[in-house]
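In each ligand, atom 1 is the first atom listed, and ligand 1 is the first ligand listed. Side-chain atoms are counted along with the backbone in the values below, which use heavy atoms only and exclude waters and symmetry mates.
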Amino acid sequence: MKGIFTALMCSFDEKGKINEKGLREIVRYNIDQSKVDGLYVNGSTGENFLISTEQKKQIFEIVKDEAGDQIKLIAQVGALNIDEAVELARFATDLKYDAISAVTPFYYKFDFEEIKDYYNTILENVDNQMIIYSIPALTGVSMNLEQFGELFENEKVIGVKFTAPDFFLLERIRHAFPEKLIYSGFDEMLLSASVLNVDGAIGSTFNVNGQRAKQIFELAQKGQLAEAREIQKVTNDLISEILENGLYQTIKEILKTKGVDAGVCRKPMKALTDEKIQKAKQIAEKYV
Ligand code: MN9
């Protein structure tokens, strides 16, 4: 379960329906061209919080059917409706996903006991391993070292997707829990996290920059930091341009230049203007 995992995009048509052919092409591109170690399915990048339970299930099915056992698959099942989270966790487990992951419950200001209960409830109902998805900037939920430790007490909790720029906390977690898996969540900080000995990374930009991400991670493990810094620099030039142009929309446009039918983003995410589509094509030409 170590290595570079793409936070998978999903292809949607103009009406917001899943474009199955396009989704399969995105999976294939990640396996055949980017050569990543695994896929993280129905995360933020998959527009998970904008789609129905049925669509989430459909995506789990299509991705598993296309990827088979070629790479590792993690199913993000977190939802404010805990019954839905359990249902999705069971569904992905039946499909033989290698692990499940759940975002910390958000919107209501849940206290830590409630958050812990959420994870333990999901895990009581499913025979699979869990990766906590922590992304304070989007959820408003920050946990400290002791709280991560309490969640890790459940043996089925095998790790965390750590999407935060807090390298002090990241180092403390690494040091305190050497046996748990830590995945870095901000692609622009991959090298910094790799130096702290994370086990892997999960990211949106790996859909189009997977090979460089793999190089950064592997060079850092070998201690070849000067080379790794060079590749992180190019990567961050790319990420800066993507962020400025519109994150998910631009990644989809870049995929289209590679013959991948990546579709558009679901509303309320807005479509790129013609000018921004041109810009995305230029970014693709320059970096991908
Ligand atoms: O989870 C991604 N987070 C979100 C990982 O999309 C919210 C990252 O891969 C970022 O998209 C990426 C750009 O900031 O690092």
Side-chain angles (χ1 to χ4, degrees), residues 1 3-10 12 26 29-30 34 36-51 59 72-78 99-104 106-107 130-143 159-167 170 181-194 196 198-214 216-217 231-255 262 265-266 268-270 272 280 283 287-288:
M1 290 295 289
I4 297 297
F5 282 66
T6 297
L8 194 71
M9 310 224 91
C10 182
F12 296 103
I26 298 174
Y29 185 81
N30 272 289
S34 303
V36 292
D37 302 297
L39 301 175
Y40 186 87
V41 186
N42 282 343
S44 313
T45 307
E47 298 165 66
N48 175 74
F49 304 103
L50 307 179
I51 61 179
I59 292 169
K72 297 285 180 195
L73 297 177
I74 303 171
Q76 199 293 124
V77 302
I100 53 171
S101 179
V103 70
T104 52
F106 51 92
Y107 190 79
M130 166 72 75
I131 295 158
I132 308 289
Y133 179 12
S134 176
I135 180 162
L138 293 187
T139 58
V141 179
S142 296
M143 293 185 291
V160 57
K161 167 167 153 44
F162 186 93
T163 308
D166 186 343
F167 289 98
L170 178 60
L181 295 168
I182 305 178
Y183 300 93
S184 166
F186 275 131
D187 314 354
E188 49 277 43
M189 300 172 199
L190 173 58
L191 174 56
S192 312
S194 301
L196 291 177
V198 294
D199 300 287
I202 299 168
S204 64
T205 62
F206 306 162
N207 280 282
V208 294
N209 194 48
Q211 293 198 13
R212 283 199 194 95
K214 279 197 74 130
I216 293 167
F217 183 58
I231 303 172
Q232 185 74 65
K233 189 251 166 210
V234 179
T235 289
N236 286 0
D237 290 343
L238 166 63
I239 293 176
S240 301
E241 294 206 35
I242 289 177
L243 288 174
E244 200 180 310
N245 205 54
L247 177 61
Y248 303 133
Q249 294 91 333
T250 301
I251 297 174
K252 287 187 178 185
E253 284 306 319
I254 294 174
L255 282 168
C265 289
R266 275 183 60 94
M269 289 196 195
K270 59 177 186 272
L272 292 183
I283 297 171
Y287 299 99
V288 185

### Query
Can you find an N/O atom of S44 closer than 3.5 Å to an N/O atom of ligand 1?
no
### Query
Is there side-chain contact between I254 and I242, with heavy atoms separated by less than 4.5 Å?
yes
### Query
Rounded to the nearest 0.5 Å, how far does OG1 of T235 lie from CD of Q211?
11.5 Å
### Task
State the atoms of ligand 1, each with its element, that fall below the 4.0 Å cut-off from a heavy-atom position in G203.
9 (O)
### Task
Using a strict 4.0 Å cut-off to heavy atoms of I135, name the atoms of ligand 1 that fall inside it.
7 (C)
### Message
Do L138 and T163 have side chains that approach each other closer than 4.5 Å (heavy atoms only, starting at C-beta)?
### Response
no
### Task
Could you see which bit of T45 sits under 4.0 Å from ligand 1, with heavy atoms only: side chain, backbone, both or neither?
side chain
### Message
Does only the side chain of A7 get under 4.0 Å from ligand 1, or the backbone, or both, or neither? Count heavy atoms.
### Response
neither
### Query
Heavy-atom contacts under 4.0 Å between I242 and ligand 1: side chain, backbone, both, or neither?
neither
### Message
Out of all atoms in ligand 1, which are within 4.0 Å of some heavy atom of Y133? Include the element for each.
### Response
1 (O)
### Message
I need the I59 CD1 to Q76 CD distance, nearest 0.5 Å.
### Response
11.5 Å
#### Entry: Reported CD1-to-CG distance for the pair I202 and D187, which is rounded to 0.5 angstrom
10.5 Å
### Atoms of ligand 1, numbered as shown, that sit under 4.0 Å from any heavy atom of F186
15 (O)
### Task
Show which atoms of ligand 1 fall inside a sub-4.0 Å distance from at least one heavy-atom site of G185.
1 (O), 2 (C), 5 (C), 8 (C), 9 (O)
### Query
Quick one: does S44's side chain get under 4.5 Å of Y248's, heavy atoms only?
yes
### Task
For S204, counting its heavy atoms only, list the atoms of ligand 1 lying under 4.0 Å from any of them.
8 (C), 9 (O), 10 (C), 11 (O), 12 (C)
### Message
Walk me through whether F49 and Y107 qualify under ring-ring contact (aromatic ring centres under 6.0 Å, His included).
### Response
CA-CA 12 Å; F49 304 103; Y107 190 79; over 10 Å; no
#### Entry: Close side-chain approach of L50 and P268, heavy atoms under 4.5 Å
yes
### Query
Taking non-hydrogen atoms only, is F206 closer than 4.0 angstrom to ligand 1 via side chain, backbone, both or neither?
neither
### Query
What is the nearest protein non-hydrogen atom to atom 1 (O) of ligand 1, stated with its residue, atom name and distance?
K161 NZ, 2.4 Å
### Query
Which atoms of ligand 1 are found less than 4.0 Å from any heavy atom of L138?
7 (C)
### Query
Is the shortest heavy-atom distance from the side chain of D199 to the side chain of M1 under 4.5 Å?
no
### Task
Measure the shortest side-chain to side-chain distance between K214 and D37 over non-hydrogen atoms and say whether it is less than 4.5 angstrom.
yes
### Query
Starting from atom 14 (O) of ligand 1, which protein heavy atom do you reach first, and at what distance in Å?
E188 OE2, 2.8 Å
### Query
Any nitrogen or oxygen of Y248, main chain or side chain, under 3.5 Å from a nitrogen or oxygen of ligand 1?
yes
